Amino acid sequence: MPSKACSMALAGAGAYAATAFLAPVSPNVKQPEVRHLRQQPAAGEAPSATGLLALGAAGVAVGCAQAGRSRQSRRCQVVRQGTAVAEKTFTKMPASVKPGVVTGQALVDLLNYAKENEFAIPGVNVVSSSSVNACMEAAKKAGGPVMVTFSKGGGQFLAGKAADNTDDAACIAGTVAGALHVRQVAKLYGVPVILHTDHCQKAWLPWFDGLIEASEEYFEKYGEPLFSSHMLDLSEEPLEENISICKKYLERMAKINLLLEMELGVTGGEEDGVDNTDVDSSRLYTQPEEVWQVYETLSSVPNGNFTVAAAFGNVHGVYAPGNVSLKPVILHNTQKFIKEKLGCDSDKPVSFVFHGGSGSSLEDIRYAIEAGVVKMNIDTDTQWAFWDGMNEYQKKNKDYLQAQIGNPEGAEKPNKKYYDPRMSLRSGEESMAERLVKCMEDLKCIDRL
């Protein structure tokens with residue numbers, strides 16, 4: 001049974017969604033005819049009071065019928081527009097991939113398409129509807145897919161820092177609410193969107209459980225999971241335990257077509273409460289034998305689909321060039337090793353993901369993509385870009401942001417249009433979208449639809 005927090009989040013967001021759409025009305029439904037209640041008076045004869053009332057009633061009925069037809073026309077127009085968005089297809093993508101949130105086989109097809117064509121999809125952490133908007137705006141401009149990612153802390157922020165977070169209730173509710181928001185708007189941008197959650201360490205598994213419960217409930221109603229995929233980061237645990245727990249969860253997730261992202265080795269640095277700044281450097285580099293153990297075990301799960309975040313010197317955060325020692329050759333060697341183990345034709349049997357890419361050289365990024373990286377996390381750069389856009393707005397309009405009334409144009413001039421939160425937030429969105437388009441160029445995720 002779904003948790004209380006999960007059910008409340010689904011019900012609340014579902015009610016919000018219900019108000020956003022009009023139920024379809026068939027254009028063939030015949031409107032009631034307005035019957036004449038009385039014959040017209042003879043020429044020169046004044047209508048009686050009863051006649052006036054009757055004509056008035058008829059007029060009201062005619063007006064209501066016309067208004068009904070107008071509403072019906074608008075409703076049908078909304079339905080046709082929604083259908084047009086849903087029916088949009090891509091000329092370059094696999095046929096299963098459509099605009100909006102991508103799950104199940106369509107997600108697998110999309111990731112395989114990225115691997116075969118050697119580009120990576122940007123994964124961006126979001127904390128508000130504004131950062132969600134910026135992600136999808138960038139994807140629309142670039143003509144490529146995007147991964148919208150919620151972290152545990154980001155989910156709690158969406159629910160509100162004052163919300164009761166007993167048993168991770170706010171973290172679960174906020175993440176679910178954010179996912180439902182993405183589902184409502186994603187199709188309107190005309191791009192494929194992967195709906196993902198970020199690092200979940202062992203201590204955070206109750207949050208992970210709540211999200212899977214939400215997808216199970218959603219799957220029961222709509223035949224697909226709420227989310228596209230989830231990430232388990234058990235890299236701090238012994239390898240055997242990491243793999244065992246991942247298999248247990250993948251067996252559950254496979255039943256509702258959820259994809260699992262698992263992590264091997266450790267990504268250095270610090271992000272969203274996970275601090276690996278002092279980790280032993282040897283743990284920053286995964287060995288091919290470890291990836292093979294994961295591949296062999298998880299591949300045995302019926303209908304199980306997974307990606308591997310193998311460490312090859314990745315570090316979270318921003319560092320000056322030369323301070324990050326990436327070794328993407330590890331990924332190339334791992335693909336060769338597993339190909340030999342499998343005796344398969346594919347040169348890239350594993351789908352890798354790339355964490356901690358900030359500060360990496362373009363050469364290293366592209367070489368990693370050639371090794372089968374299908375997704376790269378883009379967090380630090382986009383977070384800075386959002387702040388930078390808001391900061392630039394403040395500096396540009398500083399003289400209009402010192403009081404509600406009074407600016408260089410006059411002591412009694414109002415400043416509301418400048419301090420309206422939408423103005424600075426929109427500047428943040430535009431700056432973040434611009435930076436993300438540049439990241440998509442680096443990942444060769446341009447003009448892919």
Side-chain angles (χ1 to χ4, degrees), residues 1-24 79 82-83 85-87 96-111 132 147-150 152 155 158-159 167-188 192-198 200 204-232 245-262 298 301-307:
M1 293 293 291
S3 66
K4 182 178 180 182
C6 163
S7 297
M8 291 176 65
L10 281 169
Y16 156 77
T19 63
F21 292 90
L22 296 170
V79 173
T83 302
V85 171
E87 291 176 350
S96 60
V97 180
K98 302 289 194 301
V101 174
V102 179
T103 65
Q105 187 58 48
L107 174 58
V108 174
D109 292 344
L110 173 57
L111 297 181
V132 169
M147 177 179 282
V148 174
T149 306
F150 293 94
K152 181 172 179 281
L158 276 165
D167 297 326
D168 288 328
C171 294
I172 294 168
T175 307
V176 169
L180 287 165
H181 170 74
V182 172
R183 277 196 167 272
Q184 290 298 321
V185 302
K187 286 183 181 178
L188 304 179
V193 177
I194 302 172
L195 189 46
H196 184 64
T197 59
D198 209 1
C200 177
W204 295 353
L205 287 176
W207 171 63
F208 199 86
D209 289 330
L211 301 183
I212 295 181
E213 288 175 8
S215 272
E216 288 170 338
E217 184 173 328
Y218 196 91
F219 185 89
E220 186 175 346
K221 293 179 180 178
Y222 304 109
E224 68 171 346
L226 173 60
F227 295 88
S228 306
S229 54
H230 296 293
M231 182 201 177
L232 273 178
I245 294 175
C246 283
K247 181 183 179 184
K248 174 186 173 183
Y249 274 101
L250 183 58
E251 288 171 341
R252 180 181 177 186
M253 295 166 68
K255 295 175 183 177
I256 55 172
N257 298 326
L258 267 173
L259 182 142
L260 172 69
E261 176 184 323
M262 68 87 62
L298 298 188
V301 177
N303 196 44
N305 291 298
F306 60 94
T307 57

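Remember, it's a predicted structure, so these values are computed and weren't measured experimentally.
- Checked for salt-bridge contact, R183 and E224 meet the test: a charged N lies under 4.0 Å from a carboxylate O.
- Put simply, CG on L226 and CD on E216 are 11.5 Å apart, with the number rounded to the nearest 0.5 Å.
- In this structure, a donor-acceptor pair under 3.5 Å is present between the side chains of S229 and H196.
- The CH2 atom of W204 sits 12.5 Å away from the CG atom of L232 when rounded to the nearest 0.5 Å.
- Proximity of Y249 to I212: side-chain heavy atoms (C-beta onward) are separated by under 4.5 Å at one or more points.
- The local environment of CG in N303 is crowded, with over 12 non-hydrogen atoms from other residues, nucleotides or ligands closer than 6.0 Å.
- Checking H230 against T197 by side-chain atom types alone, a donor-acceptor pair falls below 3.5 Å.
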>> Test side-chain contact (heavy atoms from CB on, under 4.5 Å) on V102 and V193; report intermediate values, then the result.
In response: CA-CA 6 Å; V102 179; V193 177; over 6 Å; no
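- The closest side-chain heavy-atom distance from T175 to W207 is below 4.5 Å.
- L298 places none of its side-chain heavy atoms less than 4.5 Å from the side chain of N305.
- Two residues are said to be in side-chain contact when any heavy atoms from C-beta on lie closer than 4.5 Å; F306 and V301 fail this criterion.
- Considering CE of M262 and SG of C246, their distance stands at 4.0 Å, rounded to 0.5 Å.
- Partner L260 forms a side-chain contact (heavy atoms from CB on, under 4.5 Å) with one of E251, M253, R252 and no other, that one being M253.
- Looking at heavy atoms from C-beta onward, L211 lies out of side-chain contact with F150 at the 4.5 angstrom threshold.
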- Given the rule in the side-chain contact (heavy atoms from CB on, under 4.5 Å) test, do L259 and L111 qualify, once you have shown the distances and angles that lead to the verdict? CA-CA 11 Å; L259 182 142; L111 297 181; 3.8 Å; yes
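- Counting all heavy atoms, side chain and backbone alike, A106 lies closest to V97 at O-CG2, 3.6 Å.
- Between the CD1 atom of I256 and the CD atom of E217 there is a distance of 11.0 Å, given to the nearest 0.5 Å.
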Test log, rule side-chain hydrogen bond (donor to acceptor under 3.5 Å, both in side chains), inputs D198 and T149
CA-CA 6 Å; D198 209 1; T149 306; over 6 Å; no
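- Between T103 and I194 there is no side-chain heavy-atom pair separated by less than 4.5 Å.
- Note: L195 CG to S228 OG = 5.0 Å, rounded to the nearest 0.5 Å.
- Between A186 and G100 the shortest heavy-atom distance is CB-CA, 3.8 Å.
- A salt bridge is defined here as a Lys NZ or Arg NE, NH1 or NH2 lying under 4.0 Å from an Asp or Glu carboxylate O, and D168 with K152 meets this definition.
- Ring orientation note: the planes of Y218 and Y222 are tilted relative to one another, at an angle of 30° to 60°.
- One distance of note links OG of S215 with CG of L258; it measures 4.5 Å at 0.5 Å rounding.
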